[in-house]
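To find a chain, count down the sequence lines: A is the first, B the second, and so on, and within it residues start at 1.
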2 protein chains.
Amino acid sequence: MAPRKKRTNDPEGMRRRVLDVAEDSFQARGYHASSLSDLMAAAGVTGGALHHHFPTKKALALAVIEERVATAVQETWIDPVLAASSAREGVRAVFEAVAAELEQQGYVRGCPLNNLAHELSLADDEFRLALARIFAGWRRAIADKIRADRLDGGEGRIDPDRFAALAVAAYSGAMSMAKTSQDAGVLRECLRALESFEPSQSGLTAKRRRRVLPRRMIG
Amino acid sequence: MAPRKKRTNDPEGMRRRVLDVAEDSFQARGYHASSLSDLMAAAGVTGGALHHHFPTKKALALAVIEERVATAVQETWIDPVLAASSAREGVRAVFEAVAAELEQQGYVRGCPLNNLAHELSLADDEFRLALARIFAGWRRAIADKIRADRLDGGEGRIDPDRFAALAVAAYSGAMSMAKTSQDAGVLRECLRALESFEPSQSGLTAKRRRRVLPRRMIG
DNA sequence: TTATAAACAGACCGGTTGTCCTGTTTTGTC
DNA sequence: GACAAAACAGGACAACCGGTCTGTTTATAA
């Protein structure tokens with residue numbers, strides 16, 4: 001009669017589940033619109049457990065930013081760009097990959113980093129700095145890739161920092177519009193505009209020999 | 001002894017005061033973080049008056065979007081671009097004007113449209129459509145300006161819709177980063193990147209004859 | 001086993017939120 | 001002046017929020 005359930009402590013798993021749900025809810029509803037009770041219910045976690053791993057809601061959000069949002073930027077942007085034959089080609093590939101994924105998915109929830117950045121940057125300096133660090137790493141990775149391309153004999157006309165800033169800004173802004181219009185088309189429009197601005201070189205989307213081994217240049 | 005204050009009905013003024021405060025608070029703190037009690041206190045308005053003009057918080061936000069945010073985009077972007085000698089020059093001027101204003105101001109609160117778009121687009125379809133309309137008008141104004149430039153013998157190599165999308169995206173994304181880093185420098189970086197991509201033409205920031213009368217092309 | 005701390009459960013609380021409601025005052029109209 | 005509608009005042013309220021608290025169970029180490 002008594003269910004006699006045995007409890008199993010799984011701190012890492014529980015922490016992960018909470019982060020999963022929080023990451024998803026912050027992305028879909030935002031920080032303020034996500035209540036802890038909602039998160040607890042969705043994750044199947046009690047208040048005591050949640051508070052044990054994340055003493056405050058702010059601590060939870062900070063963990064989402066540093067452990068999940070940063071990882072998302074790394075995986076969807078930095079790694080592919082570093083693995084590409086050139087920075088320009090990497091940026092192009094990411095734009096198209098994201099656009100394709102969004103179109104297949106059918107809806108646009110936006111860029112996790114930008115979503116949280118807009119809502120939390122002015123609310124708390126700790127949030128702001130954590131988010132700014134991710135933006136900076138993103139830009140730096142692209143800029144460093146351009147510099148490495150140059151050493152390999154790549155196109156040497158564009159300023160690395162400027163192009164990196166523009167790439168990140170164009171993507172962020174395009175995702176903002178895509179989210180608002182629920183249409184990923186604007187991502188492709190921005191990409192084409194970026195491509196049509198090829199500096200001096202003529203080959204627009206022309207095929208280029210692809211490097212076999214992607215080379216890493218950042219520790 | 002009795003203060004005997006006479007009340008004066010001023011519906012338009014009261015509505016305006018509420019919108020002023022709401023616009024400011026939504027910009028600085030966001031929609032969810034702005035409580036109606038805060039707004040009432042800041043505007044010196046009672047709950048009854050507020051409820052009379054704006055039955056719900058959503059109605060207030062919708063009014064802010066349609067009456068204030070749309071106007072802000074019109075005044076800081078569309079009007080200057082239409083008045084400029086070319087779309088490209090107009091975009092450049094706006095980027096620099098905003099950057100200069102932010103640097104003088106000392107802090108960055110971000111783009112009102114993007115701020116609200118990120119927080120509200122997924123929350124409510126009515127919000128989303130109102131915000132999407134403003135984005136669309138913004139892009140259309142720039143694209144139409146490019147088409148008009150072309151008829152006047154301007155540079156004819158760039159695709160109007162693509163360039164407009166890129167300009168808006170780059171600005172939105174740059175403002176996002178500027179807000180997060182509290183540094184308007186990235187705006188200038190993006191502008192320079194945009195300028196360095198001059199298609200074929202050589203004159204980078206070269207002086208051009210300025211049209212005396214700005215011409216309007218949208219009703 | 002026993003002690004010790006970590007991991008978890010679940011109730012509880014003060015404060016706040018947005019909204020509603022009942023009045024009162026002002027304004028416009030006949 | 002009479003009357004109706006708009007404009008405004010201000011309290012009340014239920015729902016909910018995030019955080020805290022006490023207590024129990026599980027794992028770890030001596």
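In this structure a side-chain-to-backbone donor-acceptor pair under 3.5 Å is present from B:Asn115 to B:Arg109. Looking only at distances, no side-chain donor or acceptor of A:Ser25 sits under 3.5 Å from a matching main-chain atom of A:Ala22. Side chain of A:Arg128 to backbone of B:Thr180: a donor-acceptor contact under 3.5 angstrom is found. Using a distance-only test at 3.5 Å, with no hydrogens or angles considered, a donor-acceptor pair links the side chain of A:Thr76 to the main chain of A:Ala72. Using modelled atom types, one side-chain atom of A:Lys179 and one backbone atom of B:His118 make a donor-acceptor pair closer than 3.5 Å.
B:Leu50 places its CG atom 16 Å from the P atom of D:dG11, with the value rounded to the nearest Å. Per the geometry, NE2 belonging to A:His53 stands 17 Å off P belonging to D:dT20, to the nearest Å. What separates NZ of B:Lys57 from C1' of C:dT17 is a distance of 8 Å, to the nearest Å.
Across C:dA7, D:dC8, C:dC20, the shortest atom-to-atom separation from the side chain of B:His51 is found for C:dC20. Here the side chain of A:Thr46 is nearest to one of C:dT19, C:dC8, D:dA9, namely C:dC8.
Evaluation of atom-type donor-acceptor distances gives a pair under 3.5 Å for the side chain of B:Arg7 against the base of C:dT25.
Aromatic pair A:His32/B:His32: ring centres not closer than 6.0 Å.
In the region residues 8-19 of chain A, proximity to DNA chain C at under 4.0 angstrom, judged on heavy atoms, holds for A:Asn9, A:Asp10, A:Pro11, A:Met14. Looking at residues 24-45 of chain A, you'll see that no heavy atom sits under 4.0 Å from any atom of DNA chain C.
Inspection of the B:Ser176 and A:Asn114 side chains reveals an N or O donor paired with an N or O acceptor under 3.5 Å.
For the pair A:Arg68 and A:Asp20, the salt-bridge criterion is met [side-chain N within less than 4.0 Å of a carboxylate O].
The side chain of B:His52 places no N or O atom within less than 4.0 Å of a non-bridging phosphate oxygen (OP1 or OP2) of D:dC8.
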